[in-house]
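Worksheet: one structure, shown below.
Source: prediction; values computed, not measured.
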There are 2 protein chains.
Amino acid sequence: MAMLGNNLDSVRRENLSMVLGIVHRRGRVSRSQITHATGLNRSTVAALVAELVALDLVVVREPDASVTTVGRPSPQISPADTHVTIAVNPELDAVTVGVVGLAGTVVHRLRRDVDHALSPAEATAIIADIVAELERGVLVGRTVVAVGVAVPGLVRSSDGVVRWAPHLEWFDQPLAELVATATGYRVAIGNDASLGALAEHLFGVGRDATDMIYLNGGASGIGGGVIASGRPLGGVGGYAGEFGQNRLGIDIGTDRTSPDGTLEDEVSRARLLDVVGLSSADGLRLEQALADASENPAVRAEVSRQLRILSVALSNAINVLNPQTVVLGGFLAALYAFDPVTLEDCVAQQAVPAAFEGVRIVPAALGEDLLMIGAAQLAFEDLLRDPASAAASAATQPTPSATDGENSQ
Amino acid sequence: MAMLGNNLDSVRRENLSMVLGIVHRRGRVSRSQITHATGLNRSTVAALVAELVALDLVVVREPDASVTTVGRPSPQISPADTHVTIAVNPELDAVTVGVVGLAGTVVHRLRRDVDHALSPAEATAIIADIVAELERGVLVGRTVVAVGVAVPGLVRSSDGVVRWAPHLEWFDQPLAELVATATGYRVAIGNDASLGALAEHLFGVGRDATDMIYLNGGASGIGGGVIASGRPLGGVGGYAGEFGQNRLGIDIGTDRTSPDGTLEDEVSRARLLDVVGLSSADGLRLEQALADASENPAVRAEVSRQLRILSVALSNAINVLNPQTVVLGGFLAALYAFDPVTLEDCVAQQAVPAAFEGVRIVPAALGEDLLMIGAAQLAFEDLLRDPASAAASAATQPTPSATDGENSQ
DNA sequence: TGTAATATGTTCTGATATACAACAAATCAC
DNA sequence: GTGATTTGTTGTATATCAGAACATATTACA
């Protein structure tokens with residue numbers, strides 16, 4: 001029963017965390033907006049903001065001249081750009097690294113293509129190399145809070161071990177430890193789709209949803225993430241959200257290509273590329289190709305087959321999780337864009353009516369920044385939870401080099 | 001962005017809540033155990049316990065003589081039996097009402113059978129009648145905190161309207177309001193299976209699980225509830241957990257009786273009763289009947305068919321929610337007991353290995369008290385969240401009568 | 001242009017919850 | 001019976017937030 005009591009320190013910590021969180025999510029707020037959002041006293045908010053300014057976490061700007069309300073103008077508070085995280089996304093054919101500011105914006109991004117499937121050690125070496133490069137460039141004068149890695153596979157949340165990343169062929173690899181040792185920074189690792197869900201929840205189309213499902217269609221399969229009561233749903237190990245492996249009931253026998261296939265066996269990018277005659281395409285290009293071929297009966301048949309199967313997956317998920325919003329990313333967004341009405345109708349028919357009412361099915365909004373923002377968010381988590389001590393430890397962190405090996409999350 | 005800042009009042013409130021919660025869940029603890037569990041100072045815990053004693057919420061007993069440790073013995077703290085909730089479970093053929101103490105034990109229970117399907121108004125009248133009877137009996141000298149109702153259907157958590165209870169044929173009925181008006185107490189309403197999940201989580205086999213799935217097989221279908229990160233998962237409307245309506249993929253064509261049936265179409269008590277030749281039976285009697293007929297090929301075939309289908313539902317749920325424990329209640333417990341190994345093997349084959357490792361599949365433990373405890377827990381929620389003000393308002397509540405009509409949850 | 005109204009910033013004081021320290025008390029170990 | 005250990009009890013100190021009073025900057029309106 002590991003719950004800790006609240007003392008006066010925790011009040012300050014939580015209030016600081018709350019103020020920083022508001023500034024982080026909204027990007028720019030007046031101090032009086034913070035006062036109203038928190039319900040705290042003006043004087044208290046002033047003190048909290050002053051402490052965050054002293055920690056170099058937020059900056060105070062002149063009141064926004066464009067607002068025209070009665071009363072003394074309130075200064076604008078924004079996240080400082082001095083504290084950043086490094087977001088990393090290792091994929092089969094490339095490693096993407098980004099520098100993300102506390103405002104949730106990608107300051108800098110860098111993609112390094114590779115010609116063969118990387119081992120964890122090789123990926124780590126590339127990451128360390130890119131980080132070293134960044135340290136000589138954009139990171140000068142900035143403080144790196146942590147490194148966040150979005151991995152296309154299952155990650156054990158307790159220690160950052162990649163348990164199962166079939167696409168990369170990584171199994172039980174202590175990636176957090178490897179990257180921490182190589183870069184010298186604290187490292188947080190998570191599943192890519194779960195981090196995508198987090199990103200869309202905080203900065204994308206899931207902004208105002210407390211309960212949200214995110215499904216991402218990638219080259220390797222379908223990943224997912226769940227936000228429940230405004231917080232990421234991880235499960236005991238952190239593996240939650242594996243919608244792609246679910247087995248679904250489909251009413252038309254010919255809809256299924258195998259008798260007991262999983263969602264990602266039946267609904268796949270490869271089949272879509274196949275039917276439109278492409279060898280590869282990102283989400284937007286695939287969407288365009290599908291639209292161009294919308295009169296082709298074979299295309300229509302395959303798309304509607306996949307939509308019907310996807311609708312079962314969504315219905316099941318809606319029955320169990322009762323979300324406000326369902327966000328579709330990757331090729332699933334292309335699938336949805338081809339025929340939104342059919343998908344919505346199918347889901348409406350199959351889901352429990354009360355659970356479905358009010359559900360918005362929408363395509364993802366964050367595009368290529370999605371995983372950068374998600375991974376960065378994971379890395380910012382400690383700072384957002386306890387601004388004072390995390391900022392202090394980040395500032396006093398030894399100069400990043402290949403010496404110390406911390407790990408986290 | 002409705003989040004409130006912490007002030008000193010909230011510290012006190014949360015600490016009181018935490019101490020009462022510990023006493024509530026563990027039933028009997030020494031004060032020093034509370035000190036260690038909360039991390040608070042001895043003197044602080046002493047003050048908190050003293051306040052709870054003053055509120056008549058806990059009682060202090062002499063130190064337990066049986067403990068033999070060095071040092072001064074610490075007094076035992078237990079929940080007081082003066083504060084109770086009234087738990088209600090309307091069913092098709094009966095209304096069950098229980099008086100449940102803060103310790104989570106059912107002090108008194110009373111079942112009234114009815115000969116026809118009740119309307120919400122009729123059910124309310126019966127509930128009010130039983131409550132009046134209780135007020136002349138066991139409730140004398142006790143304070144009723146609230147009434148909790150476990151409904152076999154979907155309940156809107158915001159206002160306690162029963163949206164969809166097909167078994168009872170109740171649709172969009174403001175049951176919370178009706179019962180509150182009729183009894184004069186604050187009323188909290190929830191779905192029966194979700195409350196079962198809560199009960200098993202707090203006092204049953206899910207005690208040490210932070211992430212848990214509960215599936216209950218009832219006469220009317222299959223209901224479910226989810227605990228995620230130690231808290232009930234409700235979704236936006238409170239409808240989460242409707243596993244029974246999910247559509248599942250099954251590998252053997254003959255396993256399915258309809259091409260696109262839901263879980264509760266395929267896995268049903270009626271089919272089991274049918275195959276063993278009974279017209280009705282509760283969980284235990286069905287379990288016995290199945291065991292007795294374990295050599296009958298027709299019984300074996302139907303049970304294994306249902307187990308295979310159930311395994312798909314569990315695998316899907318495990319993939320998405322990554323729980324520690326899966327609890328099966330009602331006839332699903334009987335199904336499980338018939339052949340635990342087959343079910344576990346099927347799930348192991350179909351679920352994502354990392355998500356399945358360490359999952360315990362277990363039958364429910366609380367038996368017939370399950371829904372009483374779950375409904376009571378819902379009713380206790382306000383008191384547990386804010387002991388000081390809730391206890392004060394319960395004490396000053398107008399004498400229960402058919403005058404005031406509050407509702408809650 | 002000037003005054004009133006409104007909202008917010010700033011500063012100081014007060015209330016209060018918890019931590020801490022010192023002492024007292026009750027047990028076990030030897 | 002004495003010492004060690006743990007916990008209860010009491011009084012003091014610290015820190016945080018609320019609130020009041022005043023200052024300031026804007027809009028509204030005559």
Side-chain angles (χ1 to χ4, degrees), chain A residues 3-20 22 28-55 58-77 386-389, chain B residues 3-20 29-55 58-77 386-389:
Chain A
M3 30 166 56
L4 287 162
N6 287 18
N7 54 24
L8 287 115
D9 284 4
S10 75
V11 174
R12 183 64 163 194
R13 188 167 53 243
E14 281 174 37
N15 283 342
L16 267 183
S17 164
M18 190 176 314
V19 172
L20 185 58
I22 289 170
R28 171 182 272 256
V29 263
S30 75
R31 215 172 67 185
S32 77
Q33 283 178 299
I34 297 174
T35 304
H36 287 117
T38 58
L40 297 169
N41 191 278
R42 289 205 296 270
S43 56
T44 307
V45 172
L48 291 167
V49 169
E51 182 165 350
L52 291 174
V53 169
L55 290 165
V58 305
V59 290
V60 179
R61 289 212 188 79
E62 288 302 297
D64 188 348
S66 67
V67 295
T68 65
T69 52
V70 188
R72 178 171 173 176
S74 192
Q76 296 285 317
I77 319 293
D386 185 358
S389 58
Chain B
M3 29 167 56
L4 288 162
N6 287 16
N7 54 24
L8 287 119
D9 284 4
S10 74
V11 172
R12 182 65 163 194
R13 187 166 56 243
E14 281 173 37
N15 283 342
L16 267 183
S17 164
M18 189 175 313
V19 171
L20 185 58
V29 262
S30 75
R31 214 172 67 186
S32 77
Q33 284 178 298
I34 298 175
T35 304
H36 288 116
T38 58
L40 297 169
N41 190 278
R42 288 205 296 267
S43 56
T44 306
V45 172
L48 291 167
V49 169
E51 182 165 350
L52 291 175
V53 169
L55 291 166
V58 304
V59 291
V60 179
R61 290 213 187 77
E62 290 301 296
D64 188 348
S66 66
V67 294
T68 63
T69 53
V70 189
R72 178 173 174 174
S74 193
Q76 295 285 316
I77 318 293
D386 186 357
S389 56

For the pair made of CG in A:Leu48 and C1' in D:dC17, what is the distance, rounded to whole Å? 9 Å
Write down the distance between CZ (A:Arg13) and C1' (C:dT18), rounded to a whole number of angstrom. 14 Å
When the distance from CD of B:Glu51 to P of C:dT16 is rounded to whole Å, what number comes out? 13 Å
What distance do A:Leu48 atom CG and A:Asn41 atom CG have between them, rounded to the nearest 0.5 Å? 10.5 Å
Rounded to the nearest Å, what distance is computed from the CD atom of residue A:Glu14 to the P atom of nucleotide D:dA15? 19 Å
Distance, rounded to the nearest Å, where B:Gln33 contributes CD and D:dT6 contributes P: 15 Å
Results of side chain to side chain contact (heavy atoms under 4.5 Å, CB included) for A:Glu14 - residues two or more places apart only: A:Asn6, A:Ser10, B:Asn6
Could I get the full list of salt bridge (Lys or Arg N to Asp or Glu O under 4.0 Å) partners for A:Arg13, not counting sequence neighbours? none
Please identify each residue that fulfils side chain to side chain contact (heavy atoms under 4.5 Å, CB included) with B:Ala47, with sequence neighbours left out. B:Arg12
Rounded to whole angstrom units, what separation is found between the CD atom of B:Gln76 and the P atom of D:dT7? 13 Å
Taken to the nearest whole Å, CZ/A:Arg12 to C1'/D:dA18 is 14 Å
Looking at every strand, decide which applies to A:Asn15 at a 4.0 Å heavy-atom threshold: base, sugar-phosphate, or nothing. sugar-phosphate
In whole angstroms, how far is the P atom of C:dA19 from the CG atom of A:Asp9? 9 Å
Would you say B:Ser74 places a side-chain N or O within less than 4.0 Å of OP1 or OP2 belonging to D:dT7? no
Report yes if a side-chain nitrogen or oxygen of B:Ser32 is closer than 4.0 Å to either non-bridging phosphate oxygen (OP1 or OP2) of D:dT7; otherwise report no. yes
Not counting sequence neighbours, which residues clear salt bridge (Lys or Arg N to Asp or Glu O under 4.0 Å) with A:Arg31? List them please. none
Distance-minimising heavy-atom pair for A:Ala37 and A:Ile22: CB-CD1, 3.9 Å
Closest-nucleotide mapping onto DNA chain D: is A:Leu16 or B:Ser30 further toward the 5' terminus? I mean the 5' end. B:Ser30
Set of side chain to side chain contact (heavy atoms under 4.5 Å, CB included) partners for A:Gln76, sequence neighbours left out: A:Arg28, A:Ser30, A:Arg61, A:Asp64
Strictly under 4.0 angstrom, non-hydrogen atoms only: write out the protein contact profile of nucleotides 20-30 of chain D, one letter per nucleotide from the 5' end, B, S or -. -B-BBBBS---
